[in-house]
Asker: 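Let me give you the structure first, and then I'll get to my questions.
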Amino acid sequence: MSDRLVLQVILCSVRSGRVGEPLTRWFSDTARAHGHFDVEDIDLKETALPLHDEPDFPVTRKYTQPHTVAWSKTIERGDAYVFVTPEYNHGYSPSAKNAIDYLCHEWAFKPVSFVSYGGISAGTRSVQQLMQVLQAVRAVPIAELVAVPFSHTKLDEDGNLAPDEPLSLAAIAVLDELARMANGLKPLRRPLPPLS
């Protein structure tokens with residue numbers, strides 16, 4: 001088993017033809033090359049969580065649904081997270097909010113960043129809102145992020161992201177800070193309540 005930190009890169013959009021797929025591939029490949037992380041890709045479309053359907057509040061960790069238990073175990077493994085997020089009507093995707101809201105303790109005292117994308121605002125309005133949601137579950141958003149304006153124009157003829165130097169430098173800055181913060185926050189984490 002690796003001693004390296006586990007970085008989970010979470011693709012938030014569940015729409016067909018999502019630009020988030022090539023952005024996720026690019027960022028995950030960059031993270032693997034960075035060398036400080038074991039990288040796990042999480043696609044919320046594949047995770048297919050229904051709208052939150054647990055009878056108890058997530059803070060109790062009294063999960064009744066197998067998909068919640070599986071999601072809890074997945075997120076518990078992570079030391080840091082990057083949400084690859086679009087902007088829908090000046091906000092975040094409902095799939096991202098739902099995925100966060102399923103859990104509480106599993107996110108706590110772990111750093112979070114974003115690869116946001118969209119038009120001229122590059123998805124940054126969704127990031128501002130997701131930061132507030134994540135802070136409520138004690139995740140720690142960092143200042144560094146990757147913002148991709150006019151994201152559909154950044155793809156090459158094969159549908160892959162063709163990053164320019166600013167995007168590449170932003171990704172490295174995110175990964176450096178996530179590694180620093182993930183190590184620094186470890187002492188604050190408490191053992192999780194047992195799954196019931």
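As the structure is a computational prediction, the values presented were derived from the model and not from experiment. Computed over heavy atoms, backbone and side chain alike; hydrogens, waters and symmetry mates excluded.
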Asker: Looking only at heavy atoms, what is the nearest atom pair of Phe27 and Ala171, with distance?
Answerer: CE1-CB, 3.9 Å
Asker: Should Val148 and Val9 be regarded as members of a common hydrophobic cluster, given that ILVMFWY residues are connected when their side-chain heavy atoms come within less than 4.5 Å of each other, either directly or indirectly?
Answerer: yes
Asker: Quick one: are Pro86 and Arg18 in side-chain contact, heavy atoms under 4.5 Å?
Answerer: no
Asker: Ignoring hydrogens, what is the shortest heavy-atom contact between Leu145 and Ala170? Give both atom names and the distance.
Answerer: O-CB, 3.9 Å
Asker: Taking side chain as C-beta onward, heavy atoms only, is Val127 less than 4.5 Å from Thr85?
Answerer: yes
Asker: If you define the side chain from C-beta out and look only at heavy atoms, does anything of Thr64 sit under 4.5 Å from Pro55?
Answerer: yes
Asker: Between Ile75 and Leu49, is there shared hydrophobic-cluster membership here, with clusters defined by ILVMFWY side-chain heavy atoms closer than 4.5 Å?
Answerer: yes
Asker: Look at the side-chain heavy atoms of Ile, Leu, Val, Met, Phe, Trp and Tyr, link any pair under 4.5 Å apart, and say whether Val112 and Ile172 land in one connected group.
Answerer: no
Asker: Take Lys110 and Asp79 through the test side-chain contact (heavy atoms from CB on, under 4.5 Å) and record every step on the way to the result.
Answerer: CA-CA 6 Å; Lys110 298 176 184 180; Asp79 294 300; 5.7 Å; no
Asker: Any side-chain heavy atom of Glu21 sitting closer than 4.5 Å to one from Leu11?
Answerer: yes
Asker: Quick check: do Ile42 and Thr74 have side-chain heavy atoms less than 4.5 Å from each other?
Answerer: yes
Asker: Closest heavy-atom contact between Ala80 and Leu178?
Answerer: CB-CD2, 4.3 Å
Asker: As an exercise, state the distance from CZ of Arg32 to CG of Leu7, rounded to the nearest 0.5 Å.
Answerer: 9.0 Å
Asker: What is the distance from atom CZ of Arg138 to atom CG of Leu185, rounded to the nearest 0.5 Å?
Answerer: 13.5 Å
Asker: Before you tell me yes or no, could you show the steps for Asp176 and His34 under side chain to side chain donor-acceptor pair (under 3.5 Å), namely the whole-Å CA-CA distance, both residues' side-chain angles and the distance that decides it to 0.1 Å?
Answerer: CA-CA 9 Å; Asp176 287 347; His34 186 260; 2.7 Å; yes
Asker: Determine the minimum heavy-atom distance between Phe114 and Met131, stating which atoms define it.
Answerer: CE1-CG, 3.9 Å
Asker: For Lys62 and Glu54: C-alpha separation, side-chain torsions, deciding distance, then whether salt bridge (Lys or Arg N to Asp or Glu O under 4.0 Å) applies.
Answerer: CA-CA 8 Å; Lys62 294 180 180 177; Glu54 289 287 346; over 6 Å; no
Asker: I'd like to know whether Gln129 forms a side-chain contact (heavy atoms from CB on, under 4.5 Å) with Lys97, so could you lay out the CA-CA distance, the side-chain angles of the two residues, the decisive distance to 0.1 Å, and finally the verdict.
Answerer: CA-CA 10 Å; Gln129 294 173 23; Lys97 179 69 161 65; over 6 Å; no
Asker: Any side-chain heavy-atom pair from Leu161 and Arg25 closer than 4.5 angstrom?
Answerer: no
Asker: Per the salt bridge (Lys or Arg N to Asp or Glu O under 4.0 Å) rule, what does the pair list look like for residues 139-157, sequence neighbours excluded?
Answerer: Lys154-Asp164
Asker: Can you find a side-chain donor-acceptor pair between Tyr88 and Ser13 that sits under 3.5 Å?
Answerer: yes
Asker: Roughly how far, to the nearest 0.5 Å, is the OG atom of Ser126 from the OH atom of Tyr92?
Answerer: 10.5 Å
Asker: Answer yes or no: is there a side-chain heavy-atom contact under 4.5 Å between Val146 and Trp26?
Answerer: yes
Asker: Give me the atom names and distance for the closest heavy-atom approach of Arg15 to Lys45.
Answerer: O-NZ, 4.0 Å
Asker: Given side chain to side chain donor-acceptor pair (under 3.5 Å), test Ser116 with Glu87 step by step and report yes or no.
Answerer: CA-CA 8 Å; Ser116 67; Glu87 183 176 305; over 6 Å; no
Asker: Applying a strict under-4.5 Å side-chain criterion to I, L, V, M, F, W and Y, I'd like to know whether Val69 and Leu103 cluster together.
Answerer: yes
Asker: For the residue pair Glu40 and Arg77, establish whether any side-chain heavy-atom pair is separated by less than 4.5 Å.
Answerer: yes
Asker: Can you tell me how far apart NZ (Lys186) and CG (Leu188) are? Round to the nearest 0.5 Å.
Answerer: 12.5 Å
Asker: According to ring pair (Phe, Tyr, Trp, His ring centres under 6.0 Å), who are the partners of Tyr81, at least two apart in sequence or on a separate chain?
Answerer: Trp107
Asker: Could you walk me through whether Glu76 and Arg189 pass the salt bridge (Lys or Arg N to Asp or Glu O under 4.0 Å) check?
Answerer: CA-CA 11 Å; Glu76 187 177 347; Arg189 294 191 214 160; over 6 Å; no
Asker: Work out which heavy atom in Ala179 is nearest to a heavy atom in Phe37; give both atom names and the distance.
Answerer: N-CZ, 3.6 Å
Asker: What distance do Ile142 atom CD1 and Ser113 atom OG have between them, rounded to the nearest 0.5 Å?
Answerer: 4.0 Å
Asker: Strictly by modelled atom types, are His67 and Asp53 linked by a side-chain donor-acceptor pair under 3.5 Å?
Answerer: yes
Asker: Nearest 0.5 Å please: distance from the NE2 atom of His105 over to the CG atom of Leu192.
Answerer: 7.5 Å
